[in-house]
Amino acid sequence: MISKKDLGRLEFIAKGAVGSVYRVAVKIPGHPPLAYKEVRQPAPSEFSPRDRQQALDDMVKSVAFRASLNQADRADLDEYTTWPIDMVEDNGSPCGLVMPLIPADFFVRTKPLSGPSEKRVLDLSWLCAKDSQAQVEGVDRSGFRDLLVRIALLAQLVYAVGRLHRHGVVYGDLSLKNVALAVNPPRVKLLDCDAAAPLADLTRKQMHSPSFNPPEYTAGTHKLQDERTDVYKLGLCIIRGLQQGRGVSQTRDPAGLTGKLDAHAIAVITRAVGADRARRPTAKELFDCLESNLLAKASPPTLHSAGLSRNALLRGLDIEVIWSATGGKEVRITGSNGLDIVLPDSGVSPARHVITPHASGEINVEVTNAHGSMSSSAGRVDLYDLPPFYVDLSTLSRPVMSSVPAVAIPSVLHALPPVPVVSTANHPVPRIELPTLTPITDVVAAMRSVPMPFQQLADVPMPSYPDLGAAAQQTTDSVHQIFDDAREQLRDHVAREVAAALNQGGTTP
């Protein structure tokens, strides 16, 4: 126990419900810079002598707990908390305790829009505060806007409380206000640890911060806090600490964590803030799911495979690059002769992208995120060109066209007889009906269906096949006869029809 007079000059820092906190000017050998917390004197209807004695008893138990730990556990406790180190007495009676002073990097210098600048503890409540509040009070939040930093801070908070549970201690009055934060690297410090109590202490009395009351406490089914009430409050800290804006400091709904944590972590946190105490996870389960999300987001991407849809193609054609990756933010495809394509990682697996290679060579795929990159060869592509192809039409043989005999035109068609003069004054204009052309078209159609002449085949000497030549000659003669008959029919038909039309036109009806 340390005497109060040995603390030297005390500098006031803050005042709380139990007492006031002062900075200790004197450095005590073997201890970091210290703060002195003095329990307030009893006040009517506010803080009874019994309340004061209870607070001093809790302090004694906290100091005794730290003293009971081995060196490694004590160092771990000091790393994440401002745990009481020793009791302080005044005139032989306990009056408070000394604890580590919060390190300077857990403070922030405010730059408010109005009023003087001040130095204050940067607590986790700033994770969910509105931007307008931070702007008015002049608090710089740039160091912990990143989701990874927030997850890291909350994972450390869960770890710190989980370590207490391992030693059978309940923290109790857990909230974002009771945790200080620092960045570069992200760290947390549990504050007001003198209210923590062992599970074995059935007389423990621990408070609940506003909006952190567990359902069982509200329902009146449990009065003593335990690991499960701590886990409930840890779940609320995670839900609120990973979001920001209006109403976040009061929310108990884990739905807002979608997109920030994976489905497994959200399911664990949902159980943590559930009304069913028996289904709540342990602090270790909470830490494990946060750690897995942190490692997944803070690790370089993984490129599982990369390949090409084909390896040889005609120059100027397209090819598909196919890859499978996780954790990437950006994909870069490179190749010979300046091929360099950068595109965002869609998250689809396998992913595909069409490229037009500039030259033969290796095609490489690189997947990157903020924490590193991974690359692999998708394979080699070989481009080829078609050889020139020319056709000399002058060397091709010409088709032999058989001569077609001339058709003699009937003499009646060379000069028509004079048309009789018809006077429209005494007679109506005669009606001349032209002959129908159906017989002529039928004859022409018959002529078109006649086979090609076989005269050339018949003229070829074939001593080994005399019958073939005779057959060809016979066929040729037959075709000639058909053409001759057709010509005669056409000649006669046209002559008859023209003569009939002329006679009919010259007759007075």
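Keep in mind it's a predicted model, so treat the numbers as computed, not measured.
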> Can any side-chain N or O of Glu79 pair as donor or acceptor with the backbone N or O of Ala160 at less than 3.5 Å?
Replying inline: no
> Hey, are the side chains of Lys37 and Met59 touching, using non-hydrogen atoms and a 4.5 Å cut-off?
Replying inline: yes
> Does the side chain of Asp230 pick up a donor-acceptor pair with the side chain of His165 at under 3.5 Å?
Replying inline: yes
> Can you list the residues that meet the side-chain contact (heavy atoms from CB on, under 4.5 Å) rule with Pro215, with sequence neighbours excluded?
Replying inline: Tyr232, Ala275, Arg280
> Tell me, which pairs form a side-chain hydrogen bond (donor to acceptor under 3.5 Å, both in side chains) where one or both residues lie in residues 121-130, sequence neighbours left out?
Replying inline: Asp123-Ser125
>> What I'd like to find out is whether the side chain of Leu191 reaches to under 4.5 Å of the side chain of Val179, using heavy atoms alone.
In response: no
>> If the condition is side-chain contact (heavy atoms from CB on, under 4.5 Å), which residues does Pro281 pass it with, not counting sequence neighbours?
In response: Val231, Val268, Arg271, Ala272, Glu285, Leu286
> Checking Lys233 against Phe212: charged group under 6.0 Å from the ring centre and within 45 degrees of the axis?
Replying inline: no
>> For a side-chain hydrogen bond (donor to acceptor under 3.5 Å, both in side chains) check, start with the C-alpha distance between Thr356 and Asp318, then their side-chain angles and the critical distance, and finish with the verdict.
In response: CA-CA 5 Å; Thr356 304; Asp318 295 333; 2.5 Å; yes
> Between CG of Asp340 and CD1 of Ile355, what distance do you get to the nearest 0.5 Å?
Replying inline: 11.0 Å
> Would you say Thr221's side chain and Glu216's backbone share a donor-acceptor pair under 3.5 angstrom?
Replying inline: yes
> Is the shortest distance from a Lys or Arg side-chain nitrogen in Asp131 or Arg141 to a carboxylate oxygen in the other one below 4.0 Å?
Replying inline: yes
> Is there a donor-acceptor pair closer than 3.5 Å between any side-chain N or O of Asn369 and the backbone N or O of Gly327?
Replying inline: yes
>> Which heavy atom of Val149 sits nearest to which heavy atom of Pro186, and what is that distance?
In response: CG1-CG, 3.9 Å
> Should Thr110 and Arg120 count as side-chain neighbours, where that means a heavy-atom distance under 4.5 Å?
Replying inline: yes
> So do Glu366 and Met374 actually touch side chain to side chain, heavy atoms under 4.5 Å?
Replying inline: no
> Do side-chain atoms of Arg240 reach the backbone of Gln250 as a donor and acceptor pair under 3.5 angstrom?
Replying inline: yes
> Just how far is it from atom OG1 of Thr229 to atom NZ of Lys223, taken to the nearest 0.5 Å?
Replying inline: 15.5 Å
> Is the shortest heavy-atom distance from the side chain of Asp86 to the side chain of Leu97 under 4.5 Å?
Replying inline: no
> Partners of Leu69 by side-chain contact (heavy atoms from CB on, under 4.5 Å), sequence neighbours excluded?
Replying inline: Phe65, Asp73, Arg74, Leu77, His167
> Can you check whether Cys289 reaches His264 side chain to side chain, under 4.5 Å on heavy atoms?
Replying inline: yes
> Which residue pairs pass the ring-ring contact (aromatic ring centres under 6.0 Å, His included) test with at least one member in residues 293-323, sequence neighbours excluded?
Replying inline: none
> So do Val139 and Leu122 actually touch side chain to side chain, heavy atoms under 4.5 Å?
Replying inline: yes
>> What's the separation between atom OG in Ser62 and atom CD1 in Ile85, rounded to the nearest 0.5 Å?
In response: 12.5 Å
> Out of Phe106, Tyr171, Tyr159, which one pairs with Tyr80 under the ring-ring contact (aromatic ring centres under 6.0 Å, His included) rule?
Replying inline: Tyr159
> Hey, does the side chain of Ser360 reach the backbone of Leu383 with a donor-acceptor pair shorter than 3.5 angstrom?
Replying inline: yes
> Between the side chains of Ser349 and Ser324, is a donor N or O closer than 3.5 angstrom to an acceptor N or O?
Replying inline: yes
>> Can you tell me how far apart CD1 (Ile239) and SG (Cys128) are? Round to the nearest 0.5 Å.
In response: 12.0 Å
> Between Leu7 and Val26, which heavy-atom pair has the shortest distance, and what is it?
Replying inline: O-CG2, 3.4 Å
>> Measuring from atom CZ of Arg166 to atom CD of Glu227, what distance do you get when rounded to the nearest 0.5 angstrom?
In response: 14.0 Å
> Can you list the residues that meet the side chain to side chain donor-acceptor pair (under 3.5 Å) rule with Asp201, with sequence neighbours excluded?
Replying inline: Lys61, Thr203
